[in-house]
Novice: 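Quick one: structure below, then a few questions.
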Amino acid sequence: MKNIEVGSASVEIIKEAAQIIKSGGLVAFPTETVYGLGANALCKEACAKIYEAKGRPSDNPLIVHINKGFELVRVAREVPRGAQALMDAFSPGPLTVILPARPGVFAYGYGDTVAVRIPGGIAARLLIHHADVPIAAPSANLSGRPSPTTAQHVLEDLDGKIDMVLDGGVCKHGVESTVVDFTSDTPKILRPGAITQEMIAEVIGKVAMATADEPAKSPGMNYKHYAPKAKMTLVEGEPAVVATKILELMAQSQAENPVILIPSSDKSLYGQASIMQLGRRPEEIAAGIYSALRRCDELGHDEIFVQGVEETGIGVAIMNRLRKAAGNT
Ligand code: TXA
Ligand code: MG
């Protein structure tokens with residue numbers, strides 16, 4: 001397998017990757033959210049390889065990545081006005097819309113709907129352009145593991161199982177795209193991300209948020225997910241109260257090498273305890289959260305305590321992923 005830098009003279013490399021996609025292979029590639037594991041979305045056998053490589057449950061459908069708005073008609077039967085307005089406002093970008101699928105286009109699929117997104121990031125866009133087919137791509141991790149935000153993470157999980165990884169450095173957002181369903185009466189956010197509920201409401205008016213206690217319409221949201229190997233406990237609330245609680249839990253813990261994940265600004269609340277700082281701004285915490293969970297495994301931490309973050313802006317996406325990683329939902 002090739003592991004290649006996307007530098008200034010990289011178009012040839014991307015063309016090579018596109019050729020692999022065209023001929024039914026698997027290429028991991030960087031997007032502005034996380035690394036994706038791409039295959040020709042029009043080829044059933046190629047998509048089947050994605051499930052095989054990731055160990056992904058077969059009932060969990062894939063997001064289809066396109067390069068330009070007009071390509072929507074290749075995959076969607078119909079594009080509701082709200083979906084078009086959202087795409088116009090935020091694509092290319094960390095947004096996925098669920099639309100009625102074009103019949104007969106997809107060899108795989110999930111009912112009669114399709115998830116579509118135009119990723120940001122030049123490598124992803126060039127790859128789709130040169131492959132000249134829609135690219136189905138889930139996050140390029142083993143199923144259940146934290147999503148990869150570097151090419152190194154991809155290799156940790158999938159080396160030997162895929163044909164190529166394009167190395168585009170560290171992903172900007174670090175959490176997966178916001179998924180918005182346009183196939184029922186009111187548009188609904190199935191997975192929060194960098195495009196927030198407020199940003200969406202500004203463009204299309206009312207938008208609902210799927211709650212943890214309703215059956216997930218995105219099968220992927222039902223599984224325990226994004227999880228490190230160690231046992232993980234998430235404590236939510238006011239920072240000083242949370243810190244006291246976590247230090248108490250840590251004192252009672254039987255773990256040999258526990259660690260506490262915290263926003264850097266609350267460092268002083270933890271004294272001499274073993275901490276890992278996640279950064280200050282919510283955007284910074286989002287960008288590094290999966291990396292931090294993987295690092296906990298690497299460093300052999302056998303128990304992880306996490307201080308929750310405020311649920312505003314991208315904080316909503318961070319908490320959604322942390323709850324799933326801790327198995328709380
Ligand atoms: O940022 C992202 O979206 C990344 C990058 C690589 O683009 N991709 C990603 O894919 O996160 P994945 O497969 O890890 O997550 C896709 C989510 C899953 O929860 C899946 O169940 C849901 O989208 N999904 C896909 N197709 C769907 C459909 N037709 N209806 C409802 N949910 C769907
Ligand atoms: Mg995923």
Side-chain angles (χ1 to χ4, degrees), residues 26-39 41 47 50-51 53-67 75-77 83 90-102 105-106 108-121 123-125 127-128 134-149 153-154 157-158 165-166 168 171-184 187-195 210 215-227 286 290 314 317 320-321 324-325 329:
L26 299 183
V27 175
F29 62 97
T31 80
E32 83 284 36
T33 57
V34 300
Y35 275 73
L37 179 59
C47 291
I50 292 180
Y51 287 84
K54 278 181 62 93
R56 183 178 177 96
S58 60
D59 67 348
N60 194 6
L62 306 170
I63 296 176
V64 174
H65 296 65
I66 58 173
N67 185 28
V75 299
R77 174 158 42 89
F90 300 117
S91 295
L95 171 75
T96 296
V97 291
I98 312 283
L99 302 173
R102 182 166 280 285
V105 171
F106 293 101
Y108 70 95
Y110 180 62
D112 55 358
T113 65
V114 63
V116 197
R117 111 174 180 89
I118 305 178
R125 307 282 304 291
L127 179 65
I128 303 165
I135 294 184
S139 47
N141 50 286
L142 284 175
S143 210
R145 295 270 295 145
S147 293
T149 53
H153 295 162
V154 176
D157 281 14
L158 298 174
V165 48
L166 287 171
C171 299
K172 180 178 167 203
H173 296 297
V175 288
E176 304 84 347
S177 61
T178 306
V179 177
V180 189
D181 181 20
F182 281 94
T183 63
S184 34
K188 187 184 263 189
I189 297 173
L190 303 183
R191 180 176 71 182
I195 307 290
K217 197 165 171 192
S218 275
M221 302 307 281
N222 283 322
Y223 308 120
K224 178 169 178 190
H225 230 93
Y226 318 112
Y290 288 140
I314 201 167
N320 170 272
R321 307 309 193 273
K324 287 188 192 304
T329 54

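Numbering of residues begins at 1 and proceeds along the displayed sequence. Atoms within each ligand, like the ligands themselves, are counted from 1 in listed order. Only heavy atoms go into these numbers, but all of them, side chains included; no hydrogens, no water, no symmetry mates.
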Novice: Looking at CG of L158 and CG of N141, how far apart are the two atoms once the value is rounded to the nearest 0.5 Å?
Specialist: 7.5 Å
Novice: Under the criterion side-chain contact (heavy atoms from CB on, under 4.5 Å), I'd like the reasoning laid out for H153 against S147: C-alpha separation, chi angles, the key distance, then a yes or no.
Specialist: CA-CA 8 Å; H153 295 162; S147 293; over 6 Å; no
Novice: So, R191 side chain and T178 main chain: donor-acceptor pair closer than 3.5 Å or not?
Specialist: no
Novice: Could you list the atoms of ligand 1 found under 4.0 angstrom from a heavy atom of S139?
Specialist: 8 (N), 9 (C), 10 (O), 12 (P), 14 (O)
Novice: Tell me if a side-chain donor or acceptor on Y290 pairs with a main-chain N or O of R145 at a distance below 3.5 Å.
Specialist: no
Novice: With heavy atoms of T113 as the reference, note each atom of ligand 1 found under 4.0 Å away.
Specialist: 28 (C), 29 (N), 30 (N)
Novice: Who pairs with A39 by side chain to side chain contact (heavy atoms under 4.5 Å, CB included), at least two apart in sequence or on another chain?
Specialist: L26, A46, I50
Novice: Do H173 side-chain atoms and C171 backbone N/O form a donor-acceptor pair below 3.5 Å?
Specialist: no
Novice: For K54, is at least one N or O under 3.5 Å away from an N or O on ligand 1?
Specialist: no
Novice: What atoms of ligand 1 come within less than 4.0 Å of a heavy atom belonging to G36?
Specialist: 6 (C)
Novice: Hey, is the main chain of L142 close enough, under 3.5 Å, to the side chain of D157 for a donor-acceptor pair?
Specialist: yes
Novice: Atoms of ligand 1 less than 4.0 Å from A115 heavy atoms?
Specialist: 25 (C), 26 (N), 27 (C), 29 (N)
Novice: Could you work out, with salt bridge (charged side-chain N to carboxylate O under 4.0 Å, His left out) as the rule, every residue matching K172, not counting sequence neighbours?
Specialist: none
Novice: Which atoms of ligand 1 sit under 4.0 Å from any heavy atom of I98?
Specialist: 27 (C), 28 (C), 30 (N), 31 (C), 32 (N), 33 (C)
Novice: For ligand 1 and E176, I'd like to know whether there is a polar contact (N/O to N/O, distance under 3.5 Å).
Specialist: no
Novice: Using heavy-atom distances only, which candidate in E32, H173, R56, R117 approaches atom 13 (O) of ligand 1 most closely?
Specialist: R56
Novice: With a cut-off of 2.8 Å, which protein N/O/S atoms are close to the Mg ion (ligand 2), if we only count those under it?
Specialist: S139 OG
Novice: Between R117 and E176, does any side-chain N to carboxylate O distance fall below 4.0 Å?
Specialist: no
Novice: Kindly write out the residues that satisfy side chain to side chain contact (heavy atoms under 4.5 Å, CB included) with P92, not counting sequence neighbours, or none if the list is empty.
Specialist: I118, R125
Novice: Output yes when a side-chain donor or acceptor of R56 lies under 3.5 Å from a complementary backbone atom of P61, and no otherwise.
Specialist: yes
Novice: Under 4.0 Å from a heavy atom of S177: give me the atoms of ligand 1 that qualify, with their elements.
Specialist: 1 (O), 2 (C), 3 (O)
Novice: Mind checking whether N60 has an N or O less than 3.5 Å away from an N or O of ligand 1?
Specialist: yes
Novice: Out of T33, T31, I118, L37, who is nearest to atom 1 (O) of ligand 1 when you count heavy atoms only?
Specialist: T33
